[in-house]
Each structure stands twice: as structure tokens, then as C-alpha cells.
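Reading through the C-alpha cells given below for one structure.
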Amino acid sequence: MKVTFSIIKADVGGWPGHSLVHPKLIETAEKELAKAVKDKVIKSFHVTHVGDDLELIMTHTKGVDSKEIHKLAWRTFEKATDVAKELKLYGAGQDLLSDAFSGNIRGMGPGVAEMEFTERKGEPVVAFMMDKTEPGAFNLPIYRMFADPFNTPGLVIDPTMHSGFVFEIWDIMEHKKVLMNAPEEMYDILALIGAKSRFVIKRVFPKKGGKLPADEPVAVISTEKLYQIAGEYVGKDDPVAIVRAQSGLPALGEVLEPWAFPHLVSGWMRGSHNGPIMPVGIKDAKCTRFDGPPRVAALGFQVANGELVGPADLFDDPAWDYTREKAQYVAEYMRRHGPFEPHRLPLEDMEYTTLPNVMKNLSKRFKKL
Ligand code: F6R
Ligand code: MG
Ligand code: MG
């Protein structure tokens with residue numbers, strides 16, 4: 001059978017500040033989605049949060065970009081916003097950038113990652129959710145899962161993976177996309193995705209002629225850019241991703257291995273700073289120190305007959321303690337730079353923050369040299 005796995009997320013109010021989601025918002029969303037299961041709109045769901053983002057994880061059979069599913073998510077965020085307003089949570093309704101639902105939730109503020117695929121005999125799927133960073137933060141780990149043999153030995157020793165994968169890369173400034181083959185075009189892929197504020201991996205596909213259908217993605221990342229939708233700075237995009245694992249794909253452990261390196265991502269305080277991404281269990285998915293550091297959570301599921309079996313909270317494990325410690329060491333090192341680059345983002349990236357307003361006020365005082 002074909003199943004659709006959707007993660008739709010939004011910040012509809014923080015508690016307190018931009019750190020966390022209030023449990024009442026989660027309860028509200030759970031109630032809405034439970035009703036949708038009863039009405040046979042979706043097959044199953046799990047509601048969670050990472051930092052101040054409310055995350056709706058759903059399975060259904062309506063395909064990607066289904067009006068019915070997007071409407072359900074929009075209505076759920078509206079209901080949660082009502083509660084956020086009652087509790088005067090911070091920035092209530094902040095990511096709902098439109099007054100009314102227009103048929104597709106893309107471009108309206110929330111982030112969306114969806115994929116439709118033929119369910120295998122055993123179907124392990126991981127939902128990755130980040131707070132205080134942007135979609136390009138997924139470039140390095142997704143590349144390493146599907147293209148780096150030093151991360152994924154299956155690329156070398158499993159004949160079903162040996163031919164590699166196809167990367168769909170988006171230029172999010174010029175609104176263009178390109179399909180590229182790994183390993184053949186590895187260097188060209190890296191030439192693009194190393195520039196992570198502009199080129200982002202959107203999807204990964206298996207190669208033709210392999211074990212898995214070449215037109216069904218095995219990884220997908222949300223690429224919504226909030227500032228492009230809002231026309232001004234409204235916080236970072238806080239992306240999510242869905243990754244399938246095992247049997248011709250990276251093993252679960254190969255999907256998780258890239259996160260042992262807390263790489264530098266942009267976001268953190270005021271969406272304006274580089275800092276390490278720290279893998280955490282949901283209980284630690286709150287952004288406290290300097291509104292961060294940026295965090296990533298990973299919930300693992302088996303999908304059975306279109307329904308979620310899980311979640312398993314994959315980073316809630318002492319195996320990640322060393323990475324977390326390293327992330328804190330790097331966070332401390334970066335913080336010591338205060339307002340200086342490269343802790344603060346380069347000017348080009350600060351264009352989408354509140355800094356240009358400060359610069360505007362100063363501009364009158366400059367005299368020609
Ligand atoms: C970053 C983020 C926070 C806020 C910061 C200032 O994505 O959400 O770091 O930018 O707390 O928030 P305001 O301007 O709402 O006071
Ligand atoms: Mg927020
Ligand atoms: Mg957030």
C-alpha cells in the first residue's frame with residue numbers, strides 16, 4: 001500500500017519567550033487530530049514539540065499537498081493559537097502569516113515535509129525536528145547519510161546501496177532546482193550545498209533499477225523560508241525532515257551517525273548567530289542558553305499498514321552525551337566572540353534580521369572619504 005508521511009509544524013506561541021511549547025497547546029492539537037482519525041481523514045498521528053515549535057506528525061493516504069490534510073493542520077494551529085492567546089503565550093499565532101486558509105499550507109508560514117511511498121515489509125522512518133536554525137542545517141547530515149562512505153559503510157559494502165542516490169537540490173534564492181547523482185557528482189554537489197543559506201537538499205531518491213522505486217523519495221526536508229513569505233524577519237524557519245531507513249537505505253544507525261558531530265548552523269539568538277546543533281531527547285528540546293543552542297530531536301517509528309508505531313525518542317540516550325558535551329564546549333567558544341563574526345552571521349545573512357534598521361539610522365552620519 002501507498003502511505004503518506006507528513007510533518008507540518010508552526011510556532012504559534014512560546015512558553016516562556018521563544019523557549020518551549022506549553023502542554024495545553026499539545027493537548028489541543030492532540031484533540032483535533034484524534035477527531036481527524038475518527039473521521040478517517042488521517043490514519044494516525046503523534047504531536048510533539050521541539051523548542052517553541054508545535055510539530056504535527058501524521059500518516060494518511062491522501063498524498064502530498066492534500067488540501068484536506070493541510071486544512072486540518074491549519075485548523076489545528078488556529079485552535080492552538082486561540083489557547084496561546086488566552087494564556088498570553090509569547091508571539092501567539094506568530095507563524096500563521098495569512099488570515100485564511102487558501103488550499104495549501106505551503107507559503108502561509110508553517111513548515112512542511114511530506115513524502116508518499118510504498119510501504120515495505122518493515123518500514124523504519126525517522127522524523128527530525130530542529131529549532132533555532134534554517135533548512136540548510138540539514139545539508140551536512142543528509143549528505144553524510146546518503147553519500148559519505150566514512151559515515152555510511154553500506155554505500156561500500158551493501159550491493160543494494162552501492163550505486164548511490166539522487167539529490168534534489170533547491171536554490172532558494174533563485175527558486176530553481178537541480179537533480180544530481182552521488183557518488184558521480186559528489187564534488188559538484190558539495191560545491192552547492194556547502195553554501196547552506198542558498199542551496200538546500202530538498203529530497204533524496206534511490207537510483208533507477210534498484211530495490212526501491214526511483215520516483216519515491218527516501219528523504220525530504222522542509223525548505224520554507226519565513227522571511228521570504230513574511231517579507232521581514234519573523235524568526236528562523238526551524239526545519240523538519242523525514243528519512244526512511246534500512247534494506248537498501250542507510251541503516252538507522254547510519255541515519256543517526258552524522259549527528260555525532262555538532263556542526264555549526266546559523267540561527268540561535270535572534271536568528272543571527274552561528275552555533276552548534278545539539279541532538280537532544282524531547283525532554284531536553286527547549287531553547288534556554290542564549291535562546292539555544294540550536295537543537296535537533298529525532299523520533300523513530302515503524303510504519304505498519306499506514307499507521308505510526310512509536311515514537312522511540314532516539315537522542316534520549318547516553319550515547320549522545322559526548323556530542324552534547326562537545327556542543328556545549330563549542331557553544332561556549334562561539335559565545336566568547338560576543339557581537340563579532342563569525343559568531344554573528346556575515347552581513348549578507350544579516351539582511352534578513354533586524355540589523356538593517358539599525359544600519360539605516362546610522363547611514364546619515366557617514367561622510368565621504
Ligand atoms: C530566534 C528566536 C529568538 C528571538 C529573540 C528575540 O529564532 O526566535 O532568539 O529572535 O528571543 O525575540 P523578540 O524580538 O520576539 O523579543
Ligand atoms: Mg518563537
Ligand atoms: Mg522555533
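Read the numbers this way: they start at 1 and go in the same order the structure lists the ligands and their atoms. Everything numeric here is computed off the predicted structure, so don't read it as measured data.
Interface of Y90 with ligand 1, defined as ligand atoms under 4.0 Å from a residue heavy atom, comprises 13 (P), 15 (O), 16 (O). Near W268, the atoms of ligand 1 lying under 4.0 angstrom from a non-hydrogen atom of the residue are 1 (C), 9 (O). Taking every non-hydrogen atom of G271 and a distance limit under 4.0 Å, the qualifying atoms of ligand 1 come out as 1 (C). Each of the atoms 9 (O) of ligand 1 lies under 4.0 Å from some heavy atom of M269. Taking a cut-off of under 4.0 Å to the non-hydrogen atoms of K236, the atoms of ligand 1 that pass are 7 (O). Near D291, meaning under 4.0 Å from any of its heavy atoms, are these atoms of ligand 1: 3 (C), 4 (C), 5 (C), 9 (O), 11 (O).
No salt bridge links K79 with D82; every basic N to acidic carboxylate O contact stays at or beyond 4.0 Å. Between R295 and D131 there is no salt bridge, since no side-chain N of the basic residue sits under 4.0 Å from a carboxylate O of the acidic one. Salt bridge K202/E168: absent, no basic N to carboxylate O contact under 4.0 Å.
Note on ring orientation: taking the six-membered ring where Trp is involved, the planes of W259 and F138 are perpendicular (angle over 60°, cut-offs 30° and 60°). Y352 and Y227 have parallel rings, their planes meeting at less than 30° on a 0 to 90° scale where 60° marks the start of perpendicular. Between F167 and F146, the two ring planes are perpendicular [angle over 60°; tilted spans 30° to 60°].
Protein N, O or S atom count below 2.8 Å of the Mg ion (ligand 2): the structure gives 3.
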Can you give each donor-acceptor pair under 3.5 Å made by side-chain atoms of residues 36-51, sequence neighbours left out, with the distance rounded to 0.1 Å?
residue: S44; atom: OG; partner: T59; partner atom: OG1; Å: 2.6
residue: S44; atom: OG; partner: L308; partner atom: N; Å: 2.9
residue: H49; atom: ND1; partner: G51; partner atom: O; Å: 3.1

Which donor-acceptor pairs under 3.5 Å do side chains of residues 237-257 form with protein atoms, sequence neighbours excluded?
residue: D237; atom: OD1; partner: L226; partner atom: N; Å: 2.8
residue: D237; atom: OD2; partner: K225; partner atom: NZ; Å: 3.0
residue: D238; atom: OD1; partner: K132; partner atom: N; Å: 2.7
residue: D238; atom: OD1; partner: T133; partner atom: N; Å: 3.2
residue: R244; atom: NE; partner: E123; partner atom: OE2; Å: 2.9
residue: R244; atom: NH1; partner: P217; partner atom: O; Å: 3.3
residue: R244; atom: NH2; partner: E123; partner atom: OE1; Å: 3.2
residue: Q246; atom: OE1; partner: L252; partner atom: N; Å: 2.7
residue: E254; atom: OE1; partner: A251; partner atom: N; Å: 2.8
residue: E254; atom: OE2; partner: G154; partner atom: N; Å: 3.1

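Under 4.0 angstrom from ligand 1, the non-hydrogen atoms of R270 come from both its backbone and its side chain.
Residue nearest to atom 12 (O) of ligand 1, selected from H273, H18, E134: H18 (by heavy-atom distance).
When you scan the N, O or S atoms of D238 for the one nearest the Mg ion (ligand 3), you land on OD2. Distances from the Mg ion (ligand 3) to the N/O/S atoms of D131 are shortest for OD1.
Every side-chain contact (heavy atoms from CB on, under 4.5 Å) that K71 has, sequence neighbours left out, goes to F101.
Nearest heavy-atom pair, R106 versus N104, reported as atom, atom and distance to 0.1 Å: N-OD1, 2.8 Å.
Inclusion of D52 in the set of residues having an N or O under 3.5 Å from an N or O of ligand 1 is not warranted.
No side-chain N or O of H18 forms a donor-acceptor pair with one of D291 less than 3.5 Å apart.
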